[in-house]
Amino acid sequence: MGFRPCRWRLPVPELDPVRLFKCLADETRLTLTLLIREEGELCVCEMTHALKESQPKVSRHLAQLRTCGLLSDRREGQWVYYRVSDELPGWVAEVLAAAEKGEAPRLVELQRRLQGMGNRPERLAALC
């Protein structure tokens, strides 16, 4: 029988301000978090298109954000969708809302790129 990778995950440590800001200190991770927060849920392929970044780079940053406890994911067939974790403390939501205000012009441009992909079924057929 072949090797099968382990699918369980270690518990996420409690998020404190230092850990949060370390997680968001990278521009790509901050942008991904804010874009996902704004859109509700995004597939990796949607994020690579919006950010014009490679899939490995985006996936690496998403894994770090998931390990931090900021994001949760779900698999649907070959696609992985990410959303902001439902278990975040209220103060984290306030920090993200403030960051979103500061990044508003950039987020508008990224959302424009997403809208150019069409709705989700069209996006999946075209890119994912």
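Everything numeric here is computed off the predicted structure, so don't read it as measured data.
Of all heavy-atom pairs spanning L15 and W91, the tightest one is O-CZ2, 3.6 Å. Taking each heavy atom of L65 and C23 in turn, the nearest pair found is CD2-O, 4.1 Å. In terms of heavy atoms, V84 sits closest to I36 at N-CG2, 3.7 Å. For L110 against A50, the heavy-atom pair with the smallest separation is CD2-O, 3.1 Å.
By the 4.0 Å N-to-carboxylate-O rule, E41 lies close enough to R74 to be salt-bridged with it. The residues E109 and R106 are annotated as not salt-bridged, no charged nitrogen and carboxylate oxygen being separated by less than 4.0 angstrom.
Side-chain contact between R83 and E39 is absent, with no heavy-atom pair separated by less than 4.5 Å. In this structure, L34 and E103 have side chains that are in contact, with non-hydrogen atoms separated by less than 4.5 Å. Between V44 and Y81 there is no side-chain heavy-atom pair separated by less than 4.5 Å. Considering only heavy atoms from C-beta on, Q64 stays 4.5 Å or farther from T67 through its side chain. Taking 4.5 Å as the limit, every side-chain heavy atom of L62 sits out of range of all side-chain heavy atoms of R29. Considering only heavy atoms from C-beta on, L70 comes within 4.5 Å of L24 through its side chain.
Atom CD of E100 sits about 6.0 Å away from atom CG of L107, to the nearest 0.5 Å. Between the CG atom in L35 and the CD atom in E38 there is a gap of 8.0 Å [rounded to 0.5 Å]. Expressed to the nearest 0.5 Å, how far CG of L32 lies from NZ of K57 amounts to 9.5 Å. Atom CG of L114 sits about 9.0 Å away from atom CG of L51, to the nearest 0.5 Å. Rounding to the nearest 0.5 Å places CD of E53 at 9.5 Å from OG1 of T48. Here the OG atom belonging to S72 is positioned 10.0 Å from the CZ atom belonging to R66, to the nearest 0.5 angstrom.
Environment of CD in E27: sparse, with no more than 12 heavy atoms of neighbouring residues, nucleotides or ligands closer than 6.0 Å.
Between the side chain of E46 and the backbone N or O of C43, at least one donor-acceptor pair lies under 3.5 Å.
Linking Ile, Leu, Val, Met, Phe, Trp and Tyr residues whenever their side-chain heavy atoms come within less than 4.5 Å places F21 and L96 in a single cluster.
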**Request:** Using the side-chain contact (heavy atoms from CB on, under 4.5 Å) rule, take D26 and T31 through it: C-alpha gap first, then chi angles, then the decisive distance, then the call.
**Result:** CA-CA 9 Å; D26 179 86; T31 302; over 6 Å; no

**Request:** Go through the steps to decide whether H61 and T28 satisfy the test side-chain contact (heavy atoms from CB on, under 4.5 Å), and finish with yes or no.
**Result:** CA-CA 7 Å; H61 285 292; T28 301; 3.5 Å; yes

